[in-house]
Structures are given as structure tokens and as C-alpha cells.
Amino acid sequence: MAPKTKSSKKSAPTVKRKSVIGSTAKKPKIEAKVAKKVGAGTDPKRVTAILQKLDQAYPEATCELKHENPFQLLISTILSAQCTDVRVNEVTKTLYQKYKTPKDFAYANPSELEQEIRPTGFFRNKTKSIMGASKGILENFHGEVPKTMEEILTLPGVARKTGNVVLGSGYGIASGVVVDTHVIRLSRRLDLTKNEDPKKIEQDLIKIIPQDHWIKFSHQLIWHGRRVCIARKPRCIDCNLESICYSKDKTI
Ligand code: SF4
């Protein structure tokens with residue numbers, strides 16, 4: 001849980017709001033008050049304040065998918081579509097004992113693999129992606145997960161989000177910002193983007209976040225989205241970003 005600082009209490013907005021989740025009401029006038037202190041939207045001072053507060057709340061934020069190498073992270077990320085990391089970790093605990101290399105997955109029995117990953121959902125499509133990506137790695141990249149976005153995107157079932165996860169958390173290469181459902185929601189709530197399309201959101205974030213923060217920022221936003229700024233009823237009372245957040249979804 002993100003600690004709430006003294007300063008955030010002092011500057012917390014006193015505007016009383018009705019239930020605002022999903023509301024089409026206009027943005028509260030609190031934006032003007034906040035803007036005086038750290039700016040609004042993507043003002044560099046405000047972005048810096050957001051990064052500092054995320055660092056305070058989540059100094060150790062990392063990828064929550066358990067993996068021992070970039071290849072396992074790639075498979076786990078494919079499995080994580082529409083599934084929790086906890087569930088994926090339960091499945092991969094035994095899966096990676098049986099399948100250890102790209103070759104093992106590439107020449108797996110598809111029906112068996114489908115049943116083994118079934119608890120993660122969408123198991124038929126995920127089986128095709130896992131086997132296809134593994135074959136691509138074997139045939140085109142000498143059995144190693146490639147280290148560039150351009151190359152990794154040639155693998156079946158791999159889009160930018162997966163590419164950024166693997167390059168960032170598997171290799172430590174900051175090629176972009178991971179834009180998952182949490183990053184989409186929080187970037188919009190924090191007024192760092194007006195866009196809804198993940199590719200456009202990533203471009204917006206890349207412009208305002210220093211590159212040496214891209215990997216950590218992605219993890220911190222995902223942690224915040226899972227623990228505090230949750231989708232249905234954000235726990236604003238526990239949020240250390242509250243003093244600089246003027247989202248219409250705020251619950252205090
Ligand atoms: S909506 Fe609430 S929980 Fe989310 S960032 Fe704003 S103040 Fe924090």
C-alpha cells in the first residue's frame with residue numbers, strides 16, 4: 001500500500017464529489033489549484049513529481065511474472081493475456097519443469113500443451129502463439145529470444161506490449177513503455193495522455209518520461225494499478241499521488 005505523506009494531506013482537495021466512476025461530469029475545478037503547485041497534465045514539473053512519488057511508493061517494483069530467462073518471460077507474457085500473473089505463475093511452475101527450451105515448446109504435442117495451459121484461458125490461441133514463437137526463435141534467431149523490437153515483433157503472437165516486457169525485464173533494454181490495461185487506465189487518470197489506443201499512449205509516455213525510467217515506470221504504474229488505483233473503486237485515500245491527481249474517477 002502506498003504511504004500517504006503529510007504534504008499530500010495538506011494539499012488534498014476539499015471539493016466534495018459525488019460518485020464519479022464512469023461519470024460524464026466535467027473535470028472538477030481542482031485542476032486549477034493543483035496546476036498552480038506542480039502544473040497540470042504533462043507539465044515537466046508535474047511529471048517529475050509523479051515519478052518521485054512512484055519511486056517513494058514502489059522503489060522495488062519489478063515484473064511479477066516468475067521467470068529464469070528471457071525465453072520463459074516471453075512464454076509467461078503470452079500466457080498472461082486476460083489472466084492474472086498469480087495464475088500464470090501457478091501454471092508455469094510445473095510447465096517449465098517439462099518444457100525447458102524453445103525446441104521443447106516448438107515440437108510439443110499441441111493437445112497436451114493446450115490442457116497444461118488451460119487454466120490461463122484462451123488456451124488454443126495461446127498454444128499456437130507459444131509454439132509459433134518458439135519455432136520462430138529456433139529457425140530465425142538461433143534459439144535465442146531476439147534483442148530488438150523489430151525482430152521480436154516478427155514472432156507469432158508477439159505485439160509491442162510483450163516485446164517491451166521481454167526486452168525491458170528480460171534483457172534490461174528500454175525499448176519503450178509497457179502499455180497494459182493498468183498503464184492505459186492510470187496514464188489517463190493522471191492526465192498523462194488523452195489517447196485510448198495503446199500505441200498512441202506509449203508514444204505520449206515516451207515523450208514525457210526519461211528513457212532511463214521507462215522500464216521502472218511501467219512496473220510502478222502496473223503495481224499502483226493493482227494495489228491502489230484499481231479499476232472500479234480507486235483507493236485514493238491510500239494514494240500518495242492524491243495531491244496531484246484530479247481524475248474524475250477519484251473517490252475522495
Ligand atoms: S484516481 Fe485516486 S488512486 Fe488513482 S491516482 Fe488518482 S488519487 Fe490515486
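Residues take their numbers from the sequence shown, with the count starting at 1.
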Query raised in the report: If you look at every heavy atom in Tyr171 and Lys147, which pair is closest and at what distance?
Result: CE2-CE, 3.4 Å
Query raised in the report: Which atom names give the shortest non-hydrogen contact between Asn195 and Arg188, and what distance separates them?
Result: O-NH1, 3.0 Å
**Report entry** Distance-only donor-acceptor check, side chains Glu151 and Thr148, under 3.5 Å
**Finding:** yes
**Report entry** pair Val158-Ser129: side-chain heavy atoms closer than 4.5 Å
**Finding:** no
Query raised in the report: Distance-only, no hydrogens or angles: does the Thr251 side chain make a donor-acceptor pair with backbone N or O of Pro234 under 3.5 Å?
Result: yes
Query raised in the report: Atom CD in Glu60, atom NE2 in His219: separation rounded to 0.5 Å?
Result: 12.0 Å
Query raised in the report: Is the shortest heavy-atom distance from the side chain of Ile184 to the side chain of Glu196 under 4.5 Å?
Result: no
Query raised in the report: Is it true that the side chains of Ser187 and Asp204 contain a donor and an acceptor less than 3.5 Å apart?
Result: no
Query raised in the report: Under a 4.0 Å N-O cut-off, is there an ion pair linking Lys216 with Asp55?
Result: yes
Query raised in the report: With side chains defined as the heavy atoms from C-beta onward, is the minimum distance between Lys161 and Pro198 less than 4.5 Å?
Result: no
Report task. Please round to the nearest 0.5 Å and tell me the distance separating atom CZ of Phe217 and atom CD1 of Ile209. Result -> 4.0 Å
Query raised in the report: What is the minimum heavy-atom distance between Arg160 and Gly176, and which atoms define it?
Result: NH2-CA, 4.4 Å
Query raised in the report: Taking side chain as C-beta onward, heavy atoms only, is Leu54 less than 4.5 Å from Leu241?
Result: yes
**Report entry** Residues Val88, Thr92; criterion side-chain contact (heavy atoms from CB on, under 4.5 Å); working and verdict
**Finding:** CA-CA 6 Å; Val88 171; Thr92 57; 4.0 Å; yes
Query raised in the report: Quick one: ring-ring contact (aromatic ring centres under 6.0 Å, His included) pairs with a partner in residues 63-92, sequence neighbours left out?
Result: Phe71-Phe105
Requested in this report: For the residue pair Ser76 and Tyr96, confirm or rule out a side-chain donor-acceptor distance under 3.5 Å.
Outcome: yes
**Report entry** NZ/NE/NH1/NH2 to OD/OE distance under 4.0 Å, Asp238 and Arg235
**Finding:** yes
Requested in this report: Check whether any side-chain heavy atom of Thr77 lies under 4.5 Å from a side-chain heavy atom of Leu73, and answer yes or no.
Outcome: yes
Query raised in the report: Does Gln211 use its side chain to pair, donor to acceptor, with the backbone of Ala174 at less than 3.5 Å?
Result: yes
Query raised in the report: What's the verdict on side-chain contact (heavy atoms from CB on, under 4.5 Å) for Lys207 and Thr42, showing C-alpha distance, side-chain angles and the deciding distance?
Result: CA-CA 10 Å; Lys207 281 180 205 146; Thr42 57; over 6 Å; no
Report task. Go through the structure and list residues passing side-chain contact (heavy atoms from CB on, under 4.5 Å) with Thr181, not counting sequence neighbours. Result -> Arg185
Query raised in the report: Is the backbone N or O of Gly143 less than 3.5 Å from a side-chain atom of Lys103, with the two atoms forming a donor-acceptor pair by type?
Result: no
Query raised in the report: Does a side-chain heavy-atom distance below 4.5 Å link Lys53 with Ser243?
Result: yes
Requested in this report: Could you pull out the closest heavy-atom pair between Arg87 and Thr120, with the gap in Å?
Outcome: CG-CA, 4.5 Å
Query raised in the report: Once you round to the nearest 0.5 Å, how far does CG of Leu95 lie from NZ of Lys100?
Result: 10.5 Å
Query raised in the report: Does Leu65 reach the side chain of Ser80, with side-chain heavy atoms less than 4.5 Å apart?
Result: yes
Requested in this report: Start with the C-alpha distance between Arg118 and Gln115, add both sets of side-chain angles, then the distance that settles side-chain contact (heavy atoms from CB on, under 4.5 Å), and finish with yes or no.
Outcome: CA-CA 5 Å; Arg118 192 180 179 120; Gln115 292 315 309; 3.3 Å; yes
Requested in this report: To the nearest 0.5 Å, tell me how far Ile50 CD1 sits from Leu192 CG.
Outcome: 4.5 Å
**Report entry** Gap separating the NE2 atom of His182 from the CZ atom of Arg189, nearest 0.5 angstrom
**Finding:** 11.0 Å
Report task. Decide yes or no on side-chain contact (heavy atoms from CB on, under 4.5 Å) for Tyr99 and Leu113, but give the supporting numbers first. Result -> CA-CA 10 Å; Tyr99 304 91; Leu113 184 55; 4.1 Å; yes
Requested in this report: Would you check if there is a donor-acceptor pair between the side chains of His224 and Tyr58 at a distance under 3.5 Å?
Outcome: yes
Query raised in the report: Which heavy atom of Leu74 sits nearest a heavy atom of Ala133, and at what distance?
Result: CD2-CB, 4.4 Å
Requested in this report: Using a strict 4.0 Å threshold on nitrogen-to-oxygen distance, state whether Lys250 and Glu242 make a salt bridge.
Outcome: yes
Query - Spacing of Met149 atom CE and Thr162 atom OG1 [to the nearest 0.5 Å] - result: 9.0 Å
Report task. Under the side-chain contact (heavy atoms from CB on, under 4.5 Å) rule, collect the residues that match up with Lys98, sequence neighbours excluded. Result -> Glu112, Glu116
Query - In one Ile/Leu/Val/Met/Phe/Trp/Tyr side-chain cluster, 4.5 Å: Leu153, Leu167 - result: yes
Query raised in the report: Is the Lys NZ or Arg CZ of Arg226 less than 6.0 Å from the centre of Trp223's six-membered ring, within 45° of the axis?
Result: no
Query raised in the report: So Ser175 and Asn164, side chain to side chain donor-acceptor pair (under 3.5 Å) or not? Walk me through it.
Result: CA-CA 6 Å; Ser175 58; Asn164 276 324; 2.9 Å; yes
Query raised in the report: Between Asn89 and Glu64, does any side-chain donor sit less than 3.5 Å from a side-chain acceptor?
Result: no
Report task. Indicate, with yes or no, if Leu186 and Ile215 share a hydrophobic cluster defined by side-chain heavy-atom contacts under 4.5 Å among Ile, Leu, Val, Met, Phe, Trp and Tyr. Result -> no
Query - Contact check, side chains of Cys245 and Asp191, non-hydrogen atoms, under 4.5 Å - result: no
**Report entry** Backbone N/O of Ala40 and side chain of Asp43: donor-acceptor pair under 3.5 Å
**Finding:** no
Report task. Using the rule that two of Ile, Leu, Val, Met, Phe, Trp, Tyr join whenever any of their side-chain heavy atoms come within less than 4.5 Å, decide whether Ile244 and Ile208 are in one cluster. Result -> yes
Query raised in the report: Cluster question for you: counting only ILVMFWY and a side-chain heavy-atom cut-off of under 4.5 Å, with indirect links fine, are Leu138 and Val145 together?
Result: no
Report task. Please name the pair of heavy atoms, one in Pro70 and one in Gly170, separated by the smallest distance, quoted to 0.1 Å. Result -> CG-O, 3.7 Å
Query raised in the report: Under 6.0 Å from the CZ atom of Phe122, do we count more than 12 heavy atoms belonging to anything else shown?
Result: no
